[in-house]
Chemist: 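Following this message is one structure expressed as structure tokens.
Sequence lines set the chain letters: A, B, ... in the order given, protein chains first and strands last, and positions in each chain run from 1.
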Protein chains: 2
Amino acid sequence: MTHLLPLADDPAPERADAARNREAILAAALRLVRTRGVGCVTMETVAAEAGVGKGTLFRRFESREGLMGAVLNESETAWQASVISGPPPLGPGAPPMERLLAFGHSRLRTNLTHAELIAAAGRPGARSAAALSFANMHVRYLLGELGVTGDLLMLATALLAPLEMVVLDQQVNTEHISLERIEAGWDDLVHRVVGR
Amino acid sequence: MTHLLPLADDPAPERADAARNREAILAAALRLVRTRGVGCVTMETVAAEAGVGKGTLFRRFESREGLMGAVLNESETAWQASVISGPPPLGPGAPPMERLLAFGHSRLRTNLTHAELIAAAGRPGARSAAALSFANMHVRYLLGELGVTGDLLMLATALLAPLEMVVLDQQVNTEHISLERIEAGWDDLVHRVVGR
DNA sequence: AATAGAAGCGGACCATGGTCCGTTTAGGCG
DNA sequence: CGCCTAAACGGACCATGGTCCGCTTCTATT
């Protein structure tokens, strides 16, 4: 092993034109999703709008789900930022319980807002596993602050699960449960899990 | 209102050939799914195997997801039966808490077993809303027996959510969490929700 | 600056889900 | 029993996601 090798060097540092295209595609996709709605955006349309060939789309984003996942990630990242460093009670500065409740409500709204995109992005794995487990991490941290003991990974998962789109979709669209009730239900769950 | 009208009469009592075909399709689909795996079953294949035209598939089952949902329902129904009238602790006869835990474990295994089919069946709505809310109903009932008070619909949803495939998939396939740990986590959740 | 080889490109092509509509058939009725 | 209508049928057809491979473009090297 040579001492000059930088560690964790990207095996293939992405060529300039490739980067340009990736950006163009993402921008085009975002634009089209905004204007026409997720359902009316075909891969061919995106390719045309970005001024690249269809093959390029698939090479960079693997599949339609992958592309939608990437688009989704844009907002997801912004959201993460506001959790990490935004104003309280969602961001730091408020007591843990308040933060936790704010977190749940915020996540709820966010998911509902991006419902279509989430559906189009399909199962996880498209969104980087890291991005997905961010929420879990954060909840775990807050539970720790609250002095909860036990298998925090599992508890965080349990708290997050009812906020998943599959569940929300069912509640909102077939059972017609109000947002307020869902929020209240989640708050109740939190209190039971934390143990007062 | 004439007194001769039977109540809740099916507006269109399904023609004989239609019924025959529906059964043939379902049987063919089940057979193919069993032998080739969900991923390798195309609508055309099913149509051929059932000896009907493709159009017929789509008329009776709406979409691929619909068909897969119908196939899934077969096993789902069997499972429901064993919950309602099978041997304890899953079926009646055991104390509520035992039943609830058994229920969770059973649901966990069942979902994992049918993972592919569930994915192929897509979002709910394909499976009748009734079938889907059966689990919720049952959990609500058991919570009642356990003397839990509060918004039971929400609590049941909270308990069921971590057993959804989206969540399980993530845990099993990307986080590589063992089945035992997931079960233990769920048991813990139940105890916290019920409040000892 | 020229060159070589890798990386990227793009559009023709394929597979499959989903639609449509002219034809066939069940089954109630005179 | 033969007719009539609504329902069901089926396969040609379309749209779109995804693959493939010959051609182009980048960039490291001399």
Side-chain angles (χ1 to χ4, degrees), chain A residues 4-6 9-26 28-29 32-33 36-71 116-117 119-123 125-126, chain B residues 4-6 9-26 28-29 32-33 36-71 116-117 119-123 125-126:
Chain A
L4 281 179
L5 283 178
D9 195 7
D10 258 345
E14 187 174 65
R15 245 164 62 173
D17 53 347
R20 215 178 317 126
N21 275 341
R22 133 114 104 272
E23 247 177 82
I25 292 170
L26 215 52
L32 287 174
V33 164
R36 303 194 191 181
V38 180
C40 300
V41 175
T42 80
M43 295 303 265
E44 226 144 36
T45 315
V46 174
E49 175 88 8
V52 303
K54 217 214 285 200
T56 303
L57 285 214
F58 283 93
R59 186 156 359 81
R60 321 272 345 135
F61 296 95
E62 191 77 359
S63 67
R64 186 192 150 89
E65 298 197 346
L67 178 56
M68 294 311 180
V71 171
E116 282 188 311
L117 214 43
R123 60 199 49 267
Chain B
L4 280 179
L5 284 179
D9 196 6
D10 258 343
E14 188 175 64
R15 242 165 64 173
D17 52 346
R20 213 178 320 125
N21 276 340
R22 137 116 95 272
E23 248 176 82
I25 292 170
L26 216 52
L32 287 173
V33 164
R36 302 194 192 181
V38 179
C40 300
V41 176
T42 80
M43 294 303 264
E44 227 145 34
T45 314
V46 175
E49 174 88 8
V52 303
K54 217 214 285 201
T56 303
L57 285 213
F58 283 92
R59 186 155 0 79
R60 322 278 335 139
F61 296 96
E62 192 75 2
S63 67
R64 186 192 150 89
E65 297 196 346
L67 177 56
M68 293 311 180
V71 171
E116 283 188 309
L117 214 43
R123 59 200 51 265

Chemist: Do A/E23 and A/L26 come within less than 4.5 Å of each other through their side chains, counting heavy atoms only?
Modeler: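 Of all side-chain heavy-atom pairs linking A/L26 with A/E23, none is under 4.5 Å.
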
Chemist: Looking at CD of A/E49 and OG1 of A/T42, how far apart are the two atoms once the value is rounded to the nearest 0.5 Å?
Modeler: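 Nearest 0.5 Å value for the CD-OG1 distance: 11.0 Å.
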
Chemist: Provide, to the nearest angstrom, the distance between the CE atom belonging to B/M68 and the C1' atom belonging to C/dG17.
Modeler: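 Distance, rounded to whole Å: 11 Å.
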
Chemist: To the nearest 0.5 angstrom, please state how far the CE atom of A/M43 sits from the CE atom of A/M68.
Modeler: 7.0 Å

Chemist: Could you state the atom-to-atom distance from CG of B/L67 to C1' of C/dT16 in whole Å?
Modeler: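 So the CG-C1' distance, B/L67 to C/dT16, works out to 14 Å.
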
Chemist: C/dA7 P sits how many Å from A/R60 CZ, rounded?
Modeler: 12 Å

Chemist: Give the minimum heavy-atom separation between B/A121 and B/E65, together with the two atoms involved.
Modeler: O-CB, 3.6 Å

Chemist: Nearest whole angstrom, please: distance from the C1' of C/dA26 to the CD of B/E14.
Modeler: 13 Å

Chemist: Looking at B/R15, I'd like to know whether one of its side-chain N or O atoms comes within less than 4.0 Å of OP1 or OP2 on D/dA8.
Modeler: no

Chemist: Hey, what do you get for CD (A/E44) to CG (A/L57), rounding to the nearest 0.5 Å?
Modeler: 9.5 Å

Chemist: Output the rounded distance in Å from CZ (A/F61) to P (C/dG8).
Modeler: 13 Å

Chemist: Strictly below 4.0 Å, heavy-atom distances to any atom of DNA chain C: list the hits from residues 39-56 of chain A, or just say none.
Modeler: A/V52, A/G53, A/K54, A/G55, A/T56

Chemist: Take A/R64 and A/L67, measure what side-chain contact (heavy atoms from CB on, under 4.5 Å) needs, and give me the verdict at the end.
Modeler: CA-CA 5 Å; A/R64 186 192 150 89; A/L67 178 56; 5.7 Å; no

Chemist: Within this structure, what is the CG-CZ distance for the pair B/D17 and B/R22, rounded to the nearest 0.5 Å?
Modeler: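 Going from the CG atom of B/D17 to the CZ atom of B/R22 covers 12.0 Å.
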
Chemist: Can you measure B/R64 atom CZ to C/dG18 atom P for me and round it to whole angstrom units?
Modeler: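 Atom CZ in B/R64 sits about 9 Å away from atom P in C/dG18.
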
Chemist: With rounding to the nearest 0.5 angstrom, report the NZ to OG1 distance, A/K54 to A/T45.
Modeler: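 Spacing of NZ (A/K54) from OG1 (A/T45) equals 10.0 Å.
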
Chemist: Using a strict heavy-atom distance below 4.0 Å, which residues from residues 17-26 of chain A are in contact with DNA chain D?
Modeler: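 Result for residues 17-26 of chain A: A/D17, sorted by number.
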
Chemist: May I ask you to verify if any side-chain N or O of A/R59 is less than 4.0 angstrom from the OP1 or OP2 atom of C/dC9?
Modeler: yes

Chemist: Which atom names give the shortest non-hydrogen contact between B/V71 and B/A29, and what distance separates them?
Modeler: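 The pair with the smallest heavy-atom distance is CG2-CB, 3.8 Å.
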
Chemist: What is the distance from CZ of B/F58 to P of D/dA8, rounded to the nearest Å?
Modeler: 18 Å

